[in-house]
Number of protein chains: 4
Amino acid sequence: MGSTPQPRRGNTRQRIQDVALELFAEQGYDKTSLREIAERLDVTKAALYYHFKTKEDILNSIFEDLNRPVEELLAWGAEQPRTLETKKEILVRYSEALSIAQPLFRFMQENQATVRDLSIGHTIKRRVIALVDLIKDPDAPLTDQVRCFTALMAMHAGVIALRDAEGDPEEKRKAALEVAVELVTKAHDQGPAGPAA
Amino acid sequence: MGSTPQPRRGNTRQRIQDVALELFAEQGYDKTSLREIAERLDVTKAALYYHFKTKEDILNSIFEDLNRPVEELLAWGAEQPRTLETKKEILVRYSEALSIAQPLFRFMQENQATVRDLSIGHTIKRRVIALVDLIKDPDAPLTDQVRCFTALMAMHAGVIALRDAEGDPEEKRKAALEVAVELVTKAHDQGPAGPAA
Amino acid sequence: MGSTPQPRRGNTRQRIQDVALELFAEQGYDKTSLREIAERLDVTKAALYYHFKTKEDILNSIFEDLNRPVEELLAWGAEQPRTLETKKEILVRYSEALSIAQPLFRFMQENQATVRDLSIGHTIKRRVIALVDLIKDPDAPLTDQVRCFTALMAMHAGVIALRDAEGDPEEKRKAALEVAVELVTKAHDQGPAGPAA
Amino acid sequence: MGSTPQPRRGNTRQRIQDVALELFAEQGYDKTSLREIAERLDVTKAALYYHFKTKEDILNSIFEDLNRPVEELLAWGAEQPRTLETKKEILVRYSEALSIAQPLFRFMQENQATVRDLSIGHTIKRRVIALVDLIKDPDAPLTDQVRCFTALMAMHAGVIALRDAEGDPEEKRKAALEVAVELVTKAHDQGPAGPAA
DNA sequence: AATGAATGAGTATTCATTCAT
DNA sequence: AATGAATGAATACTCATTCAT
């Protein structure tokens with residue numbers, strides 16, 4: 001186990017990404033060294049540099065791959081009418097995207113300080129803003145804006161933060177989605193100038 | 001005569017904490033070196049070690065000081081009856097505590113991965129659980145649990161995450177508190193087994 | 001039909017030498033990596049190793065090619081009578097050789113420390129000594145030896161060191177040659193035991 | 001030998017400079033690693049970083065110290081009348097400065113490619129130009145300019161390049177100085193527009 | 001109450017080189 | 001005639017920590 005010099009097929013790049021994401025999510029970006037990644041894969045550090053230009057580049061490549069669904073969701077959402085139905089659909093899809101790329105999103109949430117000055121930092125920030133813009137109305141009062149933002153956080157919580165709380169993950173996700181829908185619905189039902197009396 | 005010309009006298013410990021918190025919150029714990037802290041204070045690194053045993057110890061001391069209000073809130077809450085009024089009061093006080101110790105909480109949120117295996121990690125985790133326990137009913141269904149947890153996150157968002165969004169900080173805090181109260185109220189109104197018909 | 005559309009055919013070896021010399025002269029030997037050379041040629045590093053055994057070997061091959069004229073000059077000079085005319089002729093030819101292989105000589109001058117313990121180091125050293133021997137008289141006093149050595153340096157200066165000083169390169173070369181001739185003439189006119197009274 | 005933990009007096013900084021210059025001159029800047037310097041001094045690499053911010057900084061500090069005499073010579077020369085006597089005096093003093101700081105100048109000459117993009121590169125270039133300006137007449141014809149530049153190179157040769165040629169160093173220095181004076185005198189005697197008939 | 005001097009373990013990154021295909 | 005994948009050894013530099021003074 002581990003000592004057989006496996007003929008290394010062309011999957012090393014993928015294996016690096018997998019191990020890196022696992023470690024980044026487990027221990028954080030800063031605390032994960034390239035030495036550690038290399039050791040787990042039983043290759044040398046230099047091999048990592050054959051496949052990626054820098055440590056940050058490993059993260060970037062992972063992000064690009066796993067982030068695509070969210071990007072597509074944003075593109076789709078931008079073309080829909082801003083109805084309540086659309087908003088709900090966005091929440092549903094986002095929840096699913098979160099669930100699928102859970103380790104990446106967990107990593108992003110737990111390493112905000114680090115991620116902020118990495119090149120994906122900008123992308124992420126823009127993306128959150130775009131997402132909120134899709135589910136809140138343009139001139140929504142502050143309270144409704146908070147409701148919409150909180151809706152997103154509810155889903156993050158359901159998928160990521162409550163990761164090691166008791167309960168079936170899928171049920172937690174559903175519950176969080178329900179709460180999110182509730183919040184966005186409430187925000188939607190009130191016109192831009194507060195409760196439509 | 002009356003104005004002290006050398007303000008740095010015996011207060012070095014405090015100054016270290018101030019600068020450290022500022023830098024930890026700005027750049028993250030890992031990326032802030034003791035050299036940097038020392039340079040800002042115009043003392044040597046060794047001076048830091050006169051006042052604190054380790055880097056982590058600096059953080060611990062900051063945490064102990066700023067966290068006291070929350071600890072007191074938990075103690076107080078534990079002795080109150082679990083009425084809706086109590087829950088609301090807890091939310092109000094927690095929101096205030098967040099506001100006062102904003103840099104610390106921001107630091108905690110943005111450095112979760114790092115904080116997790118520092119000694120304050122356990123404390124924080126226990127505290128969040130205790131807090132949720134105070135505002136949710138013992139046998140609340142999953143959805144209500146999510147509501148309560150989300151209520152807390154709403155307040156974190158209002159005080160911390162929305163820090164550089166437009167708008168008056170105090171108003172954002174109030175709006176977040178409002179949403180939080182709403183969520184907890186809804187959770188409270190439904191009995192442990194769903195809607196109290 | 002007549003014009004070859006793919007000029008890179010069998011000439012890779014030459015192209016490697018060209019690019020390598022350019023980069024060696026520009027940045028120095030140590031600071032020029034094989035990666036850089038390969039990238040400029042749009043081939044892989046391994047391709048370089050198909051054509052050359054080592055990095056040093058690339059340099060050796062360049063040196064061998066461009067150095068031939070000087071070697072021939074030495075051979076020719078060794079067979080001539082040691083008259084002033086011969087000496088002048090050697091200076092003229094050397095100046096021309098310098099001019100033609102300018103990048104190589106520039107490289108040699110600016111990377112003396114590095115070149116010293118490369119295999120061309122010995123060759124170069126021997127060659128300079130041989131050259132001085134051709135233009136100075138066997139038992140010339142120290143001052144005349146310095147004159148002869150300085151004559152060579154004057155030409156190096158004229159072609160290499162003054163490279164980015166103002167003025168037409170060819171004129172600078174001529175001027176340097178003139179000064180060199182002057183020095184050697186002076187050295188020649190004085191017998192082995194000082195001024196021929 | 002070497003194992004006694006000598007009480008390290010406050011001379012470490014100086015010792016680093018000494019060893020570094022020795023190695024830089026012997027092997028070149030690029031090929032001298034901080035590990036090597038540290039090992040020779042029987043300290044750790046980190047100790048070097050206590051005293052100097054970077055590898056380049058070590059070189060800078062050496063340069064600043066040893067270069068002072070030349071800087072002073074330039075300042076002095078700038079205030080003198082541009083007579084032949086002054087020029088001769090400059091040559092004499094420069095020759096002495098070269099002799100005293102021989103290892104540094106040798107290093108500079110043999111590592112031109114490297115030094116060029118270090119921070120001392122600019123300083124050196126400016127200095128050579130300033131020096132030539134002091135010994136050549138403002139509108140000297142090209143040949144005279146070459147004479148002056150060659151005069152400097154003659155002295156470099158006498159002190160540095162001929163280092164391991166036979167003969168007493170001091171005598172070689174004197175001979176080189178003589179040749180340099182000769183060249184500058186010749187350049188001086190001819191008016192700005194060629195031979196003063 | 002603090003400094004000056006140093007360490008040991010670590011980091012990301014680069015390089016010349018190799019070899020099976 | 002060349003590539004893709006990898007290595008081993010090195011490099012400059014940083015960090016938290018220690019300790020005699």
Side-chain angles (χ1 to χ4, degrees), chain A residues 5 7-13 16 30-38 41-58, chain B residues 8-13 16 30-38 41-58, chain C residues 8-13 16 30-38 41-58, chain D residues 5 7-13 16 30-38 41-58:
Chain A
R8 311 194 184 300
R9 312 239 277 313
N11 58 340
T12 304
R13 200 189 138 92
I16 293 171
D30 290 314
K31 298 243 276 284
T32 301
S33 71
L34 295 184
R35 177 182 52 69
E36 208 175 350
I37 297 176
L41 290 167
D42 207 38
V43 295
T44 61
K45 271 180 292 171
L48 305 185
Y49 279 91
Y50 174 74
H51 293 281
F52 300 95
K53 275 218 301 264
T54 61
K55 182 183 180 184
E56 193 179 341
D57 204 42
I58 299 180
Chain B
R8 55 191 67 173
R9 178 60 158 275
N11 60 340
T12 302
R13 197 188 141 92
I16 292 172
D30 290 313
K31 298 242 274 284
T32 300
S33 69
L34 294 185
R35 175 178 57 65
E36 210 174 349
I37 297 175
L41 290 166
D42 209 39
V43 296
T44 61
K45 271 184 292 175
L48 305 184
Y49 280 89
Y50 177 79
H51 293 282
F52 299 95
K53 275 215 310 259
T54 64
K55 183 184 181 183
E56 194 180 340
D57 204 42
I58 298 180
Chain C
R8 55 192 66 173
R9 178 58 160 277
N11 60 342
T12 302
R13 196 188 142 92
I16 292 171
D30 290 313
K31 297 242 276 282
T32 300
S33 69
L34 295 185
R35 177 178 56 66
E36 210 174 349
I37 297 175
L41 290 166
D42 209 39
V43 296
T44 61
K45 270 183 292 174
L48 305 183
Y49 279 90
Y50 177 79
H51 293 282
F52 300 95
K53 274 214 311 257
T54 63
K55 182 184 181 183
E56 193 180 341
D57 204 43
I58 299 179
Chain D
R8 313 196 183 298
R9 312 239 279 312
N11 58 340
T12 304
R13 198 190 140 93
I16 292 171
D30 290 314
K31 297 243 275 284
T32 300
S33 70
L34 295 184
R35 177 182 53 68
E36 209 173 350
I37 297 175
L41 290 167
D42 206 39
V43 295
T44 62
K45 271 180 291 171
L48 306 185
Y49 281 92
Y50 174 74
H51 293 281
F52 300 95
K53 274 218 302 264
T54 63
K55 182 183 180 184
E56 193 179 341
D57 203 43
I58 298 180

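Quick note on labels: first sequence line is chain A, next is B, and so on, each numbered from 1.
Nearest nucleotide to the side chain of A:V43, out of F:dA10, F:dA16, F:dT7: F:dT7. The nucleotide whose nearest atom lies closest to any side-chain atom of D:L34 is, among E:dT17, F:dT17, F:dA12, F:dA12. Relative to the side chain of B:A46, the nucleotides E:dT17, E:dT13, F:dC19 differ in distance, and F:dC19 lies closest. The side chain of A:A47 approaches F:dA6 more closely than any other nucleotide in the set E:dT7, E:dT3, F:dA6. Picking from F:dT11, E:dA1, E:dA12 the nucleotide with the shortest atom distance to the side chain of A:Y49 gives E:dA12.
No side-chain heavy atom of A:Y50 sits less than 4.5 Å from a side-chain heavy atom of A:T12. Residues C:I16 and C:V43 are not in side-chain contact: their nearest non-hydrogen atoms beyond the backbone lie 4.5 Å or more apart.
One can place CG of C:L48 at 13 Å from P of E:dC15, the figure rounded to the nearest angstrom. In this structure, D:I16 atom CD1 and E:dA6 atom C1' are separated by 11 Å, rounded to whole Å. At whole-Å resolution of the value, CG in A:D30 and P in F:dC15 are 12 Å apart. Put simply, NZ on C:K45 is 15 Å from P on E:dC19, counting in whole angstrom units. Following rounding to the nearest Å, D:F52 (CZ) and F:dT14 (P) show an atom-to-atom distance of 15 Å. Protein atom CD1 of B:I37 is 11 Å distant from nucleotide atom P of F:dC15, rounded to whole Å. Look at NZ on A:K31: it is 16 Å from P on F:dC15, rounded to the nearest Å.
The two residues C:L34 and C:L48 make their nearest non-hydrogen contact at O-CD1, 3.6 Å.
F:dT21: Watson-Crick or G-U partner is E:dA2, with both key distances under 3.5 Å. Base pairing of E:dA12: its partner is F:dT11, meeting the Watson-Crick or G-U wobble criterion (both donor-acceptor distances under 3.5 Å).
Taking 4.0 angstrom as the limit, B:S33 places none of its side-chain polar atoms (N or O) nearer than this to OP1 or OP2 of F:dT14. For A:T44 and F:dA6, the shortest distance from a side-chain N or O to OP1 or OP2 is not below 4.0 Å. Of the side-chain N and O atoms in A:T12, one or more sit less than 4.0 angstrom from OP1 or OP2 of F:dA6. Between E:dT11 and A:R35, a contact under 4.0 Å exists linking OP1 or OP2 to a side-chain N or O. Within the structure, a side-chain polar atom (N or O) of C:H51 is placed less than 4.0 Å from OP1 or OP2 of F:dA2.
Under a 3.5 Å cut-off, the side chain of C:K55 and the backbone N or O of C:T32 do form a donor-acceptor pair.
Remark on DNA chain F: of its neighbouring residues B:T54 and D:E36, the 5'-side contact belongs to D:E36, judged by nearest-heavy-atom nucleotide. Each of B:R13 and A:K53 was assigned the nucleotide of DNA chain E with the nearest heavy atom; the assignment lying further toward the 5' end belongs to B:R13. Mapping C:E56 and B:Y50 onto DNA chain E by nearest heavy atom places B:Y50 closer to the 5' end of the strand.
Separating the NE2 atom in B:H51 from the CG atom in B:D57 is a distance of 12.5 Å, to the nearest 0.5 Å. Here the NZ-CD1 distance, from A:K45 to A:I37, works out to 11.5 Å after rounding to the nearest 0.5 Å.
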